[in-house]
Amino acid sequence: MRLRSFFFSIFSFSHSPSSSSRFSSLSAAMSPALEKSRQGNGECNEVSKSKVTVVGSGNWGSVAAKLIASNALKLLSFHDEVRMWVFEEVLPNGEKLTDVINKTNENVKYLPGIKLGRNVVADPDLENAVKEANMLVFVTPHQFMDGICKKLDGKITGNVEAISLVKGMEVKKEGPCMISSLISKQLGINCCVLMGANIANEIAVEKFSEATVGYKGSREIAETWVQLFSTPYFMVTPVHDVEGVELCGTLKNVVAIAAGFVDGLEMGNNTKAAIMRIGLREMKALSKLLFPSVKDSTFFESCGVADVITTCLGGRNRRVAEAFAKSGGKRFYLCESN
Ligand SMILES: NC(=O)c1ccc[n+]([C@@H]2O[C@H](COP(=O)([O-])OP(=O)(O)OC[C@H]3O[C@@H](n4cnc5c(N)ncnc54)[C@H](O)[C@@H]3O)[C@@H](O)[C@H]2O)c1
Ligand SMILES: O=P(O)(O)OC[C@H](O)CO
């Protein structure tokens, strides 16, 4: 049904005179809950509404806040306000990033030129930002997650759900630890994941893309996350395989670095395609070794093959690896700053 809608939408798109109607039929087919909520049935009082906090405000974190903010305004079951925790930085003009976001509604450092939505409130105080939320969206570079979880240890109470958009893992002495497990174990809450072929800057300007929500246990909470993130230009599918989805988002970065080396060394498109194919096969093998429950079908979702393709074509990992190879082995961080 969804596949048919998708092809129908592409067909409509190619025959559509205006870009604003591009994905209207797709939107209608995919979001019955959104349409129902828009009509309003008066069943949700203020107390039962979910409050969302986005923990992180980088490039993807800001786009995630924008997606969520637009839906929070439309869906009855969510509070309008979306908090966004900002790792405070002082900008070259001396202003604090948080103040500028709240004044201009724009993350001028990590997502310049894009309005986040007036209902996004930037907050530099992590504890304060999460204290009233019952839905937490974690989206920072992976290396900061251990520290963030430690700061929040014992501070999350009540019925709270989390989702991780972090593409990476903690590698401890005992072995690899998925970020969703880190969140679950340290904060004592259930944690889904959202991964996919999602270059943030493209989604920021509302170009169409897909994503995958990985969950374990109840499908109901996964459906709530799908509702919160879905827009006509962002199509989200739930998959009952949290480890598989998260490992796809993590391991594709390694393939992207290899693809960047291939580009930097000018080895050509056939070699790059081979890297992507073999890379995907190795992602699957390693994922299944770590978690035998990982499903083959997950690798055909947006989080799998599609993310390998987009990251190897347009991602930052690819770009920095290409610069590294072209520079003849300059230090990685110097390539990153270019
Ligand atoms: N950017 C994308 O296109 C994209 C798309 C999908 C997934 N992701 C994943 O999302 C996650 C977040 O990426 P992003 O693009 O939002 O961030 P980013 O790469 O833009 O990173 C910068 C962020 O890190 C914060 N930061 C810096 N020092 C910190 C510290 N000591 N403690 C806490 N935070 C600190 C900065 O304030 C900023 O918010 C990553 O795992 C990434 O792989 C990114
Ligand atoms: O820019 P990258 O390499 O971090 O990739 C961004 C996203 O993960 C692509 O889905």
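Read the numbers this way: they start at 1 and go in the same order the structure lists the ligands and their atoms.
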(message) Please confirm whether Gly56 approaches ligand 1 to less than 4.0 Å, judged on its heavy atoms.
(response) no
(request) Say whether Lys109 and ligand 1 are in contact under the criterion: heavy-atom distance to a ligand atom below 4.0 Å. (result) no
(request) For Ser57, take its heavy atoms, then give the atoms of ligand 1 lying under 4.0 Å from any of them. (result) 39 (O)
(message) On a heavy-atom basis, I'd like to know which of Tyr110, Trp85, Phe87, Trp60 is closest to atom 30 (C) of ligand 1.
(response) Phe87
(message) Nearest non-hydrogen contact with atom 40 (C) of ligand 1 belongs to which option: Thr140, Val139, Ile148, Leu194?
(response) Thr140
(request) Give the contacting part of Asn317 toward ligand 2: side chain, backbone, both or neither, where contact means a heavy-atom distance below 4.0 Å. (result) both
(message) I need the contact type for Asn59 against ligand 1. Using non-hydrogen atoms and a strict under-4.0 Å cut-off, is it side chain, backbone, both or neither?
(response) both
(request) Write out all pairs satisfying salt bridge (Lys or Arg N to Asp or Glu O under 4.0 Å) with one or both partners inside residues 223-233, taking only residues at least two apart or from two chains. (result) Arg219-Glu223
(request) Provide the number and element of each atom of ligand 2 under 4.0 Å from a heavy atom of Asp307. (result) 9 (C), 10 (O)
(request) Take the angle between the ring planes of Phe324 and Phe261 and call it parallel below 30°, perpendicular above 60°, tilted in between. (result) tilted
(message) With a heavy-atom distance limit of 4.0 Å, tell me whether Leu165 approaches ligand 1 through its side chain, its backbone, both, or neither.
(response) backbone
(message) Angle between ring planes, Trp225 versus Phe229, binned at 30° and 60°: parallel, tilted or perpendicular?
(response) tilted
(request) With heavy atoms of Ile199 as the reference, note each atom of ligand 1 found under 4.0 Å away. (result) 3 (O)
(message) If you measure every N or O of Gly168 against every N or O of ligand 1, does any of those distances drop under 3.5 Å?
(response) no
(request) Check Glu89 against ligand 1 and report side chain, backbone, both or neither, counting heavy atoms closer than 4.0 Å. (result) side chain
Extract all donor-acceptor atom pairs below 3.5 Å that involve side chains of residues 281-292 and protein atoms in other chains or at least two apart in sequence.
| unit_1 | atom_1 | unit_2 | atom_2 | d |
| --- | --- | --- | --- | --- |
| Ser287 | OG | Met283 | O | 2.6 |
| Lys288 | NZ | Val294 | O | 3.2 |
| Lys288 | NZ | Asp296 | OD1 | 2.9 |

